[in-house]
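A quick note: this is a predicted structure, and the numbers were derived from the prediction, not measured.
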Amino acid sequence: MTATYAAVPGVVETREALAETTLVVDPARIVEACTALRDAHGFNFLSDIAAADYLGWGEDGVAGYVGTADGRDLNLPSTTGLARLPEPKPKRFSVSYHLLRVSDDPARVRAQVWLDDGESVPSVIGVWPAADWFEREAWDLMGIRFDGHPNLARILMDDDWEGHPLRKDYPLGGEPVRFSDED
Amino acid sequence: MPSSRIYAGSRIPTRVPTILDVDPEKHNLEDILTVNFGPNHPSTHGVLRLIVDLDGELVAGIRAVLGYLHTGFEKNMEAKSWWKSITYAPRIDYLSFQANELEYVLAIEKLLGIEVPRRATWARMALAELNRIHSHLVWLGTSALEVGAISMFWYAFDDRDQVLDLFELAGGTRLHTRYTQVGGLAEDVPPGFTAEARKLCESMPRSVDEYEAILDRQAIWLERTKGIGLLSAEDALALGQSGPVLRGSGVDWDLRKNMPYLFYDQVDFDVPVYFNGDVYDRYKVHMDEMRESVRIVRQCLDRIDETEGEPWIADDRKVVLPPRHELHTSMESLIHHFKIVTEGYRVPEGEVYVVIESPRGEAGCYLVSDGGARPWRVKFRAPSFAALQATATAVQGSLVADMVAVAASLDFVMGDADR
């Protein structure tokens with residue numbers, strides 16, 4: 001199975017986990033890779049584009065006895081934290097393209113690129129028109145910039161919204177309430 | 001380079017695939033009247049806003065604006081334990097709550113590698129198919145209402161109520177049942193459920209026949225649905241359409257058949273496919289699917305009866321709540337209960353993408369876990385979000401009055417699209 005994707009251009013790593021195939025692709029060559037996956041491998045259906053933010057990944061640390069110099073900190077239950085540290089991620093953001101082959105021989109594959117804050121990835125809107133809103137959503141909520149997208153505007157948040165709400169450094173709640181008396 | 005036509009004959013707009021710009025060669029730009037439609041309008045199935053450029057009664061340009069129902073489900077779920085975050089999933093698509101709950105729970109179970117008892121799987125399938133009937137009935141009622149067939153709305157909602165009665169019987173609530181738990185079900189299928197559900201299976205095909213008798217001999221309905229809202233098979237695939245829209249465009253594709261999950265490979269049913277890609281064919285797919293769902297429900301009910309007395313949830317005390325009666329006598333059960341409710345269980349590190357065939361089609365859940373007690377990232381692939389991408393392609397060239405019928409035929413739920 002893995003060998004079949006060896007000829008896809010730009011693939012830097014192939015992973016098999018939980019019965020799913022992940023192709024890690026060089027961001028600069030994502031359009032090339034996606035075109036090859038569509039034309040040579042028949043992935044004619046873009047199911048989803050999912051961005052994830054890994055800021056603070058694994059920083060919870062390993063669970064255990066939580067002590068300070070003055071003794072045990074009662075506000076930190078000894079069981080918070082992880083059973084073991086997760087595998088470190090290469091960069092802050094991942095963008096996963098979930099592809100589907102709609103044919104008699106159906107298959108799914110995940111093409112994944114890794115980006116740091118401020119880095120952009122070429123748009124795949126020319127490969128699958130369905131990428132239009134998926135990329136706008138990733139830009140709106142996660143702040144991933146897609147080069148060459150003809151209309152990379154916010155889609156779910158207001159046009160004048162500041163920040164990208166699904167980033168890990170964006171607080172949950174506490175956003176200013178509009179039209180309140182305070183300002 | 002981007003969004004150039006990817007094959008000949010496509011109707012997908014070229015500059016941006018989801019925005020239809022007024023073509024100055026076909027329309028006199030001075031005649032164009034730009035109308036704002038929605039977001040608050042009875043026929044928008046929620047809060048969809050369409051900005052329409054009209055040339056007389058012809059739709060010359062169209063652009064969908066969404067986000068009015070964005071509630072940040074995905075962000076909120078990251079802050080809750082796995083156990084609590086299940087509550088959010090059904091509320092995203094409020095018409096196919098069982099499907100959303102199921103897809104999220106299946107994703108957690110895939111990360112956990114937990115085995116689900118067969119009785120629970122049969123019950124999940126029965127509920128998922130009942131939910132499909134429920135969702136299609138609401139679609140039918142509201143879509144017919146929008147082109148003036150008001151009586152359909154009352155008939156469809158009457159039958160819908162019977163489906164909700166079954167959900168109430170099973171899970172205690174009519175909507176957002178949260179009956180699906182990681183590992184199985186929240187409670188065993190209650191006594192009398194299968195008998196009540198069989199009554200519905202008796203009446204439902206008759207009802208569908210009646211609906212078709214009302215609509216298929218109705219000249220207005222036929223005039224307003226046939227040959228409008230065209231979407232070719234290639235365009236539908238390129239725009240990420242799924243479910244009844246894709247099958248109405250002639251693509252024989254159903255995840256239940258093509259990539260079976262649960263026990264769909266063990267039940268007997270057909271996948272309806274129609275080839276004209278218009279509103280009428282999408283309606284036919286919905287009607288046939290209700291009949292097929294009844295067939296599947298019947299088979300599931302037989303299996304539920306056969307597995308009477310078998311466990312309905314996995315026996316894994318680190319993940320599954322202990323039985324209620326043990327809490328009064330067993331210290332360990334009390335501790336497990338306390339730990340699962342307060343702190344939650346941990347889910348092994350990994351990423352999964354689980355997709356099921358919801359009433360609206362390809363409903364996916366991308367889930368990342370860091371091995372902790374809360375999801376690291378939850379992303380739903382909302383079929384309604386993808387469906388709305390086809391508005392510009394399907395509506396182009398139609399009359400403004402048909403725009404409502406075409407948009408409705410794409411079968412979207414704004415809660416699902418905006419999340």
Which of parallel (below 30°), tilted (30 to 60°) and perpendicular (above 60°) describes B:Tyr353 and A:His98?
parallel
side-chain contact (heavy atoms from CB on, under 4.5 Å) assessment of A:Leu99 paired with A:Arg110:
CA-CA 6 Å; A:Leu99 314 181; A:Arg110 175 189 299 120; over 6 Å; no
Heavy-atom proximity to chain A below 4.5 Å, by part of B:Ala382:
neither
Which atoms of A:Ser103 come close to chain B, meaning under 4.5 Å heavy atom to heavy atom: side chain ones, backbone ones, both, or neither?
backbone
Is chain B contacted by the side chain of A:Arg154, its backbone, both, or neither, given a heavy-atom distance below 4.5 Å?
neither
For side-chain hydrogen bond (donor to acceptor under 3.5 Å, both in side chains), just list the numbers for B:Ser369 and B:Glu349, CA-CA rounded to whole Å, side-chain angles, deciding distance to a tenth of an Å, and then say yes or no.
CA-CA 5 Å; B:Ser369 172; B:Glu349 182 196 351; over 6 Å; no
Presence of salt bridge, A:Asp169 and A:Arg167, under 4.0 angstrom
no
Can you say whether A:Glu137 sits under 4.5 Å from chain B via the side chain, the backbone, both, or neither, judging by heavy atoms?
side chain
Region of A:Leu166 in contact with chain B, defined by heavy-atom distances below 4.5 Å
both
Would you say the ring centroid of A:Trp114 lies under 6.0 angstrom from that of A:Tyr54?
yes
Chain B contacts, top residue of A:Asp104, A:Asp140, A:Ile155 (heavy-atom pairs, under 4.5 Å):
A:Ile155
Bottom line for A:Asp53: the part with an atom under 4.5 Å from chain B's heavy atoms is backbone
Interface check, chain A: of B:Lys110, B:Lys379, B:Gln241, B:Glu78, most non-hydrogen pairs under 4.5 Å belong to B:Lys379
Non-neighbouring partners of A:Phe93 that pass ring pair (Phe, Tyr, Trp, His ring centres under 6.0 Å), sequence neighbours left out
none
Can you tell which part of B:Ala363 gets under 4.5 Å to a heavy atom of chain A, answering side chain, backbone, both or neither?
neither
When heavy-atom pairs shorter than 4.5 Å are enumerated against chain A, which of B:Glu74, B:Met259, B:Glu351 gives the highest number?
B:Glu351
Note: vs chain A, highest number of non-hydrogen pairs under 4.5 angstrom among B:Arg419, B:His70, B:Gln389, B:Arg377 is B:Gln389
Does B:Arg374 make a cation-pi contact with B:Trp82 (under 6.0 Å, within 45 degrees of the axis)?
no
B:Leu388 versus chain A, heavy atoms under 4.5 Å apart: side chain, backbone, both or neither?
both
By ring pair (Phe, Tyr, Trp, His ring centres under 6.0 Å), which residues pair with A:Trp133, not counting sequence neighbours?
B:Phe385
Given that the side chain runs from C-beta out, which part of B:Val65 has a heavy atom under 4.5 Å from chain A: side chain, backbone, both or neither?
neither
Is it the side chain or the backbone of A:Ala50 that comes within 4.5 Å of chain B heavy atoms, both, or neither?
both
Evaluation steps, salt bridge (charged side-chain N to carboxylate O under 4.0 Å, His left out), between B:Arg360 and B:Asp93
CA-CA 10 Å; B:Arg360 261 160 278 288; B:Asp93 181 347; 2.9 Å; yes
Donor-acceptor pair, side chain of A:Arg101 and main chain of A:His41, under 3.5 angstrom
yes
Is it the backbone or the side chain of B:Glu362 that comes under 4.5 Å from a heavy atom of chain A, or both, or neither?
side chain
Segment of A:Leu141 engaging chain B (4.5 angstrom heavy-atom cut-off)
side chain
Proximity of A:His149 and A:Trp139 rings by center, below 6.0 Å
no
Comparing A:Pro165, A:Ser47, A:Ala52, A:Ala19 against chain B, the one with the most heavy-atom pairs below 4.5 Å turns out to be A:Ser47
Does NZ or CZ of A:Lys168 lie under 6.0 Å from the centre of the six-membered ring of A:Trp57, at an angle within 45° of the ring axis?
no
Check whether B:Val368 gets within reach of chain A through its side chain, its backbone, both or neither, counting any heavy atom under 4.5 Å.
side chain
Looking only at A:Ser94, A:Ala17, A:Ser96, the option with the highest number of non-hydrogen pairs under 4.5 Å against chain B is A:Ser96
Could you look at B:Asn76 and say if it's the side chain, the backbone, both or neither that has a heavy atom under 4.5 Å from chain A?
both
